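Please read these numbers as outputs of a predicted model, since none were measured by experiment.
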Amino acid sequence: MNPFSSGTRLRDMIRSIRACKTAAEERAVVRKECAAIRAAINENDHDYRHRNLAKLMFIHMLGYPTHFGQMECLKSIASSGFPEKRIGYLGLMLLLDERQEVLMLVTNSLKQDLNHTNQYIVGLALCALGNICSAEMARDLAPEVERLMQFRDPNIRKKAALCSIRIIKKVPDLAENFINPAAALLKEKHHGVLITGIQLCTDLCKVSTEALEYFRKKCLEGLVKTLRDLVNSPYAPEYDIAGITDPFLHIRLLKLLRVLGQGDEDASDCMNDILAQVATKTESNKNAGNAILYECVETIMSIEDNGGLRVLAINILGRFLSNRDNNIRYVALNMLMKAITVDAQAVQRHRATILECVKDSDASIRKRALELVYVLVNETNVKPLIKELIDYLEISDQEFKADLTAKICSIVEKFSPNKIWYIDQMLKVLTEAGNFVKDEVWHALIVVISNASDLHGYTVRALYRAFQTSTEQESLVRVAVWCIGEYGDMLVNNVGMLNIEDPITVTDSDAVDAVEVAIKRDCTDLTTKAMAMIALLKLSSRFPSCSERIRDIILQHKGNLVLELQQRSIEFNSIIEKHQNIRSALVERMPVLDEATFSGRRAGSLPATLSTSNGTSLNLPNGVAKPAAAAAPLVDLLDLNSDDAPAPSSSGGDFLQDLLGVDLSSASVQPVASHAPKAGTDVLLDLLSIGTPAQSNSSPPDILSSSKDNKLPVSTSDGLSRPPSQPVHTTSSGGAASMMDLLDGFVSNSPKPEENGPAYPSVVAYESSSLTLTFSFSKPPGNPQTTMIQATFTNLSPNVFTDFIFQAAVPKFLQLHLDPASGNTLPASGSGSITQNLRVTNSQHGKKSLVMRIRIAYKLNNKDMLEEGQINNFPRDL
């Protein structure tokens with residue numbers, strides 16, 4: 001016989017295909033077989049039609065096109081014999097789907113077969129309809145399927161129930177027709193019919209509210225009784241799996257009870273007892289038992305509240321976490337993630353087991369457990385949990401360190417009880433995984449260190465020790481270099497020793513050595529080298545004996561291929577050589593950095609800080625400016641979208657701009673808030689208080705002309721901005737003057753303050769239950785547009801306010817400038833006050849009155865407080 005004739009058997013064709021050694025040979029065999037089948041179709045070969053369809057199905061499963069045989073399926077279905085119908089329906093389910101238009105031709109054949117006297121043919125039709133039924137076919141054949149749900153044979157009833165599920169999914173409007181037949185199936189004794197009936201009821205409840213209410217009222221007690229009988233049933237070999245009778249039926253019943261109990265207290269109370277029985281009686285040493293227990297836990301967590309049951313369910317999940325099967329542990333972690341929103345206290349009891357899962361060898365379990373630990377942390381358990389996580393950080397896999405480090409940093413930032421603990425934990429993280437720490441994390445650490453004045457010595461010593469052992473961690477190196485540059489004298493002199501630390505012997509040369517190591521490392525990036533050069537410049541003033549050595553280190557980069565380092569090297573060398581008289585003022589220790597937005601973000605009361613890479617000012621639409629470190633709260637204060645703030649200028653043509661990171665294009669705008677300076681005003685800030693106030697919107701000012709009224713926010717190379725302090729008179733020949741010209745023209749004598757005009761009556765600008773703000777007004781002679789305001793803050797409460805910060809914003813027609821406040825601690829009960837001077841320029845003087853929005857931030861018993869308000873009661877002639 002021809003091996004490719006239509007009469008060959010399927011197994012002969014399979015042998016031919018398997019004998020092929022290449023894909024090309026296989027395609028050739030398939031092409032010849034398809035050609036023989038097409039020839040048989042054209043000849044209308046009845047005898048071998050079923051063989052040809054079998055071959056087509058196999059070819060279809062191999063991935064070759066078989067659309068030419070679709071009509072043969074319909075012809076086989078229309079045949080009277082069972083073998084032909086069987087192969088026809090099988091081909092119909094494999095070769096066609098509900099999107100095929102030719103499927104409409106089979107509806108009539110299906111209807112006839114659903115009414116056939118042969119139950120096996122009826123079963124074939126139900127199987128086909130359940131697999132490829134379209135919405136049109138569902139509407140046409142739904143009555144026949146509904147009738148067959150009461151057929152005498154249980155196999156037909158089972159198939160009719162499964163077919164009904166397909167119908168109600170395609171046409172939900174038909175759901176009400178199947179409610180009563182489905183309820184009747186719940187009383188079946190045959191497990192196969194009962195399980196399909198339960199699944200049908202579950203799907204009916206999802207698509208029809210009417211069905212849900214009906215099953216709650218009429219069928220709930222019966223379902224509970226069925227589940228109880230199933231739990232207590234004796235051994236049944238037909239349905240038994242690992243000693244559990246029909247676990248599939250168990251699970252279907254539990255899923256239906258979950259749907260019925262969700263959102264209904266009465267239904268939930270009705271099933272509480274049986275759920276407790278299932279949870280306690282089911283064996284957990286077999287996979288079938290674990291499947292039932294998991295479904296039981298899902299049901300308990302979904303129905304209405306029952307504290308005892310939920311604790312039992314969470315304890316079951318705790319046992320799952322101790323299982324050796326990774327799949328069971330992963331499922332338990334997923335379920336605990338949902339359970340923690342319901343009963344966090346019960347989940348906390350399994351904290352130790354969850355922590356062990358963080359150390360699991362399976363990556364998916366580690367990641368899921370870490371997410372769960374992150375949710376479990378609170379103020380009471382943060383210390384032991386962080387200790388465990390940091391200990392594991394030392395031995396964790398490299399690919400897991402990034403996720404683990406991010407979570408640890410987030411937890412420490414959110415729940416740190418005090419600054420010294422925060423600093424200690426962050427140093428441990430930087431030491432173990434500094435290369436995985438994001439920039440905003442070490443930026444925030446520097447802000448905290450800056451604000452912890454009593455911990456400066458302790459921190460710089462701890463960083464110095466850590467730097468000696470972990471020079472390969474980039475973020476650690478950056479923070480260490482910054483602190484050594486700022487507080488190197490404290491490091492050498494052991495200033496601010498705490499009881500918990502031992503003295504350390506560090507010489508001037510040792511401190512310089514540490515920075516030199518950082519700048520000469522091959523793997524050091526540009527940011528770290530730039531920070532190291534600034535640190536060296538500062539140390540040249542702190543340690544005069546090392547000045548020449550520092551100058552030699554800096555000069556090594558004067559020919560660097562990176563323009564930034566080359567320029568810093570030349571300029572810093574010039575400062576050390578030619579301007580020793582002002583060097584100490586230039587490199588004065590930085591004032592306290594702005595922690596208000598950082599601490600507010602941790603407490604959840606303020607928006608996140610908008611970070612920038614170069615620390616320049618952000619120009620706002622109303623003509624005020626704010627240092628980048630506090631730009632976001634200002635935008636929030638002004639009710640502006642952050643998109644309104646244009647990006648800082650990136651122009652690098654000006655010498656002063658390149659050296660100090662100051663955007664000279666924004667010289668006509670003013671910062672709106674500042675910190676109170678410490679004793680001894682920073683002379684570097686005085687030096688940079690340059691420029692003239694804007695005379696009009698059309699003519700830009702000469703930013704290098706002498707004036708005391710216009711100040712620029714100062715940016716340092718580490719990207720942290722700060723406002724200037726008191727002004728100093730400077731002279732310059734033009735706006736394009738170089739840094740050296742500016743320094744050569746430096747005059748140390750400050751101008752005398754101008755005489756103010758007549759005073760105006762004071763007003764209470766803002767008053768709350770704990771705070772009063774009073775404004776006193778005066779006018780400078782000959783300048784009616786400008787108003788000088790002295791703000792006086794009085795604390796009415798019996799508690800001291802610390803870290804006091806005042807911020808203000810004004811509309812576009814006003815320009816606002818704030819001087820530093822007289823302090824940042826406000827005494828209790830009115831025993832003292834804080835004063836701060838403001839200057840407001842009204843471009844619409846005589847037409848529009850002053851108006852101002854304010855924000856006052858402070859700490860009360862180490863808790864962040866925030867007050868906001870709008871001031872509209874300014875005198876009209878201002």
Side-chain angles (χ1 to χ4, degrees), residues 276 279-280 282-285 287 289-290 293-294 296-298 300-301 307-418 421-422 424-426 428-429 431-433 436:
T280 53
T282 306
E283 297 182 15
S284 60
N285 55 353
N287 199 46
N290 287 328
L293 286 173
Y294 174 76
C296 183
V297 171
E298 281 265 33
I300 291 171
M301 291 299 174
L309 266 183
R310 286 183 174 169
V311 171
L312 177 61
I314 292 172
N315 289 340
I316 291 173
L317 295 176
R319 292 205 308 270
F320 281 1
L321 291 178
S322 304
N323 200 296
R324 290 178 298 177
D325 191 329
N326 286 350
N327 294 325
I328 294 176
R329 279 189 289 167
Y330 187 82
V331 164
L333 290 170
N334 275 338
M335 192 63 209
L336 284 170
M337 203 67 150
K338 301 175 186 176
I340 197 170
T341 61
V342 179
D343 193 343
Q345 193 60 39
V347 180
Q348 288 281 2
R349 298 190 189 101
H350 304 281
R351 192 173 64 212
T353 311
I354 296 169
L355 270 173
E356 288 302 314
C357 290
V358 175
K359 306 171 186 178
D360 196 88
S361 58
D362 187 282
S364 59
I365 291 179
R366 285 201 309 263
K367 186 173 181 180
R368 205 65 178 147
L370 183 61
E371 293 172 358
L372 183 55
V373 168
Y374 182 75
V375 179
L376 281 175
V377 176
N378 54 40
E379 290 81 358
T380 60
N381 61 22
V382 60
K383 289 187 177 181
L385 280 177
I386 286 297
K387 183 180 183 303
E388 291 282 348
L389 292 177
I390 291 179
D391 289 345
Y392 177 60
L393 183 62
E394 299 177 10
I395 59 173
S396 61
D397 298 335
Q398 290 296 317
E399 62 270 13
F400 188 55
K401 280 186 184 289
D403 287 340
L404 185 56
T405 302
K407 286 289 189 294
I408 292 174
C409 293
S410 180
I411 293 170
V412 170
E413 179 181 338
K414 187 175 181 181
F415 295 105
S416 60
N418 50 60
W421 185 85
Y422 173 87
D424 285 342
Q425 306 312 310
M426 292 306 300
K428 291 178 183 177
V429 173
T431 302
E432 297 299 334
F436 298 95

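- In this view, R351 satisfies the salt bridge (Lys or Arg N to Asp or Glu O under 4.0 Å) rule with no residue, not counting sequence neighbours.
- The environment of NZ in K367 is sparse: at most 12 heavy-atom neighbours from other residues, nucleotides or ligands sit within 6.0 Å.
- Applying the side-chain hydrogen bond (donor to acceptor under 3.5 Å, both in side chains) rule to pairs touching residues 312-322 yields N315-H350, sequence neighbours excluded.
- Every residue two or more places apart in sequence or in another chain was checked for a side chain to side chain contact (heavy atoms under 4.5 Å, CB included) with A406, and none qualifies.
- At least one side-chain heavy atom of L370 sits less than 4.5 Å from a side-chain heavy atom of F400.
- Every residue two or more places apart in sequence or in another chain that forms a side chain to side chain contact (heavy atoms under 4.5 Å, CB included) with A276 is listed here: L309.
- For the pair F320 and A332, the tightest heavy-atom approach, listed with the atom from each and the gap, is CB-CB, 3.4 Å.
- Atom OH of Y294 sits about 12.5 Å away from atom CD1 of I316, to the nearest 0.5 Å.
- Atom CG of L404 sits about 10.5 Å away from atom NZ of K359, to the nearest 0.5 Å.
- The shortest side-chain heavy-atom distance between V347 and L317 does not fall under the 4.5 Å cut-off.
- Taking CG of D325 as the reference point, atom CG of N290 lies at 8.0 Å (rounded to 0.5 Å).
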Just do the side-chain contact (heavy atoms from CB on, under 4.5 Å) check on I314 and M301 with the steps written out, would you?
CA-CA 9 Å; I314 292 172; M301 291 299 174; 3.4 Å; yes
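- The residue from T353, L321, V331 that alone fulfils the side-chain contact (heavy atoms from CB on, under 4.5 Å) condition with L336 is L321.
- Inter-residue side-chain proximity for L393 and L389 is flagged as unmet; no heavy-atom pair is nearer than 4.5 Å.
- E413 has its side chain out of reach of M426: every pair of non-hydrogen atoms, C-beta onward, lies at least 4.5 Å apart.
- Under the side-chain hydrogen bond (donor to acceptor under 3.5 Å, both in side chains) criterion, Q425 pairs with no residue at all, not counting sequence neighbours.
- Among all heavy-atom pairs drawn from Y374 and S410, the shortest one is OH-OG, 2.8 Å.
- Legend: residues meeting side-chain hydrogen bond (donor to acceptor under 3.5 Å, both in side chains) with T341, ordered by chain and number and at least two apart, are absent.
- The side-chain contact (heavy atoms from CB on, under 4.5 Å) test with I411 singles out one residue from L385, N378, L376, I386, and that residue is I386.
- Taking all atoms of both residues into account, the shortest heavy-atom contact from V297 to A313 is CG2-O, 3.7 Å.
- The side-chain hydrogen bond (donor to acceptor under 3.5 Å, both in side chains) search around N287 returns none, not counting sequence neighbours.
- Sorted by first then second residue, the salt bridge (charged side-chain N to carboxylate O under 4.0 Å, His left out) pairs that include residues 393-404, not counting sequence neighbours, are R366-D397.
- Residues C409 and V429 form a side-chain contact, since some pair of their non-hydrogen atoms from C-beta on lies under 4.5 Å apart.
- Not counting sequence neighbours, the partners of D391 by the salt bridge (Lys or Arg N to Asp or Glu O under 4.0 Å) test are K387.
- Y392 and E388 share no side-chain donor-acceptor pair at under 3.5 Å.
- S364 approaches Y330 most closely through the heavy-atom pair O-CE1, 3.7 Å.
- Residues that satisfy the side chain to side chain contact (heavy atoms under 4.5 Å, CB included) test with N326, not counting sequence neighbours, are R329, D360, D362, I365.
- Taking E371 as the reference, R368 meet the salt bridge (Lys or Arg N to Asp or Glu O under 4.0 Å) condition, with sequence neighbours excluded.
- For the atom pair CG (N323) and OG (S284), the distance works out to 8.0 Å, reported to the nearest 0.5 Å.
- Of all heavy-atom pairs spanning Q398 and F436, the tightest one is OE1-CZ, 3.4 Å.
- Remark: K383 pairs with P417, W421 by the side chain to side chain contact (heavy atoms under 4.5 Å, CB included) rule, at least two apart or across chains.
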